[in-house]
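Below: one structure, written as structure tokens.
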Amino acid sequence: MGVELISLHWLYLVFIGLIVLFMIFRRDTTILCIAGIFLIALTATGSITHSVSSVFNSFIYAISELLSTILVISIIVAMSRSMTATGINDVMVKPFTKLIKSPGLAYWTIGILMMIISWFFWPSPAVALMGAVLVPVALRVGLPALGIAMAMNLFGHGIALSGDFVIQAAPKLTADAAGLPVSEVVQASIPLVIIMGLVTTITAFLFLKRDMKKGLLKVDSTTISDLSSSKTNTIISEGWKKFFALLIPVLFGLDILAMVKFNLTGGDATALVGGTSIFIMLLITLAGFKNDGLEKTTQYLIDGFQFGFKVFGPVIPIAAFFYLGDAGFQSIIGDYLPKGSQGIVNDLGAALASAVPLSKGVGAVTLTTVGAITGLDGSGFSGISLAGSIANLFAHAIGAGAATLTALGQIAAIWVGGGTLVPWALIPAAAICNVDPFELARRNLLPVVIGLVVTTIAAMFLI
């Protein structure tokens with residue numbers, strides 16, 4: 001095809017630009033994505049009926065690609081709801097309260113524990129799992145509520161969610177869009193997640209200490225009494241709570257060992273975590289609710305599925321559009337690409353390589369910017385398919401660094417949109433700590449921006 005792009009490729013490129021523009025202005029992109037799918041199909045086939053059908057087929061394709069991710073998140077949320085209702089979560093985090101003796105220890109203990117729990121349960125359920133127990137303890141030792149919310153946000157919705165090493169929902173979305181194996185994206189993201197996490201959390205802690213010393217942040221004593229007044233859950237005995245509090249981390253620890261021993265990644269790792277979560281939930285509901293366990297199991301699954309599809313509802317249309325750029329085109333529309341085409345994104349990358357001498361620095365800055373822009377819609381996940389597609393395009397132009405660029409775009413999108421700057425999951429953390437979500441976003445802004453700058457520079461040397 002050379003550098004000469006046909007109308008189909010131009011149309012795809014125009015809609016990518018429009019989607020980014022809509023996200024900058026914080027407008028929903030669902031209608032735009034549907035229009036893009038329809039017009040690309042119409043351009044390729046010349047048939048209105050085929051084009052209308054392609055919109056529906058694109059949704060089926062996207063859901064089939066995302067179904068395992070949606071399912072495992074739904075199941076984990078269902079399990080976490082059963083743990084919260086029975087009070088098992090309180091027992092699980094209680095031993096860590098002995099480590100919290102000062103504001104500094106409170107910040108790092110809550111943050112690290114939030115990160116670990118979020119790897120397995122995802123951040124939003126993790127906030128509920130640990131917040132009610134650890135928040136009053138942290139307040140008593142002098143860490144302001146805003147500092148607690150920052151620790152939960154930055155470690156959970158930042159570090160854990162942007163890497164997503166266990167559930168691997170985020171890497172699957174970006175890897176699929178970039179046409180890469182999930183394991184490559186996960187491996188490439190590890191150094192970037194570490195750099196981003198260290199820079200951001202340490203910067204945030206230093207700013208927090210400075211403002212506490214100046215008296216700008218103080219602990220509200222009335223908040224302690226309010227948070228400490230929650231009633232102890234007596235659905236199951238203390239013995240059963242302790243048993244499950246020990247059993248759950250042991251089972252997930254065995255999952256990690258199995259992943260390492262049998263080299264389980266991507267869908268296999270997700271299936272193992274999901275299956276383990278189902279059995280944990282069944283055991284909890286049967287032990288906790290006795291005769292009502294059957295009905296409670298169904299109710300928690302319904303709650304989990306409602307959460308899963310609510311979170312991924314905005315993702316499906318945009319993922320459907322970006323799947324057209326690679327392997328999804330033939331499945332959704334049919335064999336209508338020009339002869340010799342390697343897929344729309346690959347064709348664009350080859351044309352760009354011959355027309356524009358892109359550098360590693362330009363590629364890294366662009367991916368961070370695109371990732372951050374796509375996060376402005378407040379979802380975090382809805383735009384990472386775009387980051388994956390653009391990373392693939394730039395990698396073809398540069399000739400290297402596809403996995404690193406993909407991971408960089410993923411990290412930027414989730415740190416901005418996943419709940420540290422734009423309120424998607426920021427609101428639950430703010431609510432459980434009883435702070436203003438806008439003040440929390442303002443506090444997170446400078447550390448996250450500094451982290452993104454340092455991580456982008458680091459990525460230039462890793463490409």
Side-chain angles (χ1 to χ4, degrees), residues 20 23 69 111 114-115 118-119 122-123 153-178 180 182-204 315 360-361 363-392 394-395 401-422 424-426 444-463:
V20 172
M23 287 180 171
T69 301
M114 179 73 183
M115 178 181 68
S118 297
W119 276 334
W122 256 35
N153 254 175
L154 298 177
F155 282 88
H157 298 97
I159 298 173
L161 192 60
S162 66
D164 199 9
F165 299 133
V166 178
I167 299 174
Q168 297 185 357
K172 177 171 173 52
L173 282 170
T174 46
D176 285 351
L180 297 169
V182 177
S183 56
E184 280 191 28
V185 176
V186 171
Q187 189 174 358
S189 70
I190 290 173
L192 298 179
V193 169
I194 292 171
I195 293 167
M196 180 70 188
L198 286 174
V199 171
T200 306
T201 55
I202 291 171
T203 303
V315 177
K360 295 178 180 180
V365 171
T366 303
L367 259 297
T368 300
T369 304
V370 168
I373 288 171
T374 60
L376 292 176
D377 68 344
S379 170
F381 273 66
S382 67
I384 58 178
S385 292
L386 171 62
S389 292
I390 293 178
N392 189 11
F394 272 54
T404 301
L405 288 171
T406 301
L408 182 62
Q410 171 185 304
I411 289 167
I414 292 179
W415 270 91
V416 172
T420 64
L421 295 184
V422 179
W424 169 39
L426 184 150
N444 287 341
L445 179 60
L446 194 54
V448 171
V449 169
I450 292 170
L452 286 173
V453 170
V454 174
T455 306
T456 302
I457 294 170
M460 296 176 189
F461 295 97
L462 296 173
I463 295 173

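In this chain, residues are counted from 1 in sequence order. These figures come from a predicted structure and were not determined experimentally.
Taking each heavy atom of A175 and T406 in turn, the nearest pair found is N-CG2, 4.4 Å. Of all non-hydrogen atoms in G156 and S118, the two that sit nearest each other are CA-OG, 3.6 Å. Closest approach of W415 to S162, counting heavy atoms only: NE1-OG, 3.3 Å. Of all heavy-atom pairs spanning G401 and A395, the tightest one is C-CB, 4.3 Å. Closest approach of A372 and V416 over heavy atoms only: O-CG1, 3.5 Å. Residues V448 and T420 come closest through the heavy atom pair CG2-OG1, 3.9 Å.
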Note to self: Walk me through whether I450 and T200 qualify under side-chain contact (heavy atoms from CB on, under 4.5 Å).
What the structure shows: CA-CA 7 Å; I450 292 170; T200 306; over 6 Å; no
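The CG atom of L192 sits 11.0 Å away from atom CG of L452, with the distance rounded to the nearest 0.5 Å. Once rounded to the nearest 0.5 Å, the distance linking CG of L462 with OG1 of T455 reads 10.5 Å. Separation of atoms CG (L408) and CE (M460) is listed at 9.0 Å; rounding is to 0.5 Å. Q187 contributes atom CD, which lies 9.5 Å from atom OG1 of T404 (distance to the nearest 0.5 angstrom). In this structure, CG on L367 lies 11.0 Å from CD on Q410, to the nearest 0.5 angstrom. In this structure, NZ in K360 is found 10.0 Å from CG in L405, a value given to the nearest 0.5 Å.
More than 12 non-hydrogen atoms from other residues, nucleotides or ligands lie less than 6.0 angstrom from CD of E184.
P171 is listed as a side-chain neighbour of D164, based on a closest heavy-atom distance under 4.5 Å. With contacts defined as side-chain heavy-atom distances shorter than 4.5 Å, the pair I195/V454 qualifies.
When I159, T174, I384 are each tested for a side chain to side chain contact (heavy atoms under 4.5 Å, CB included) with I414, only one passes: I384.
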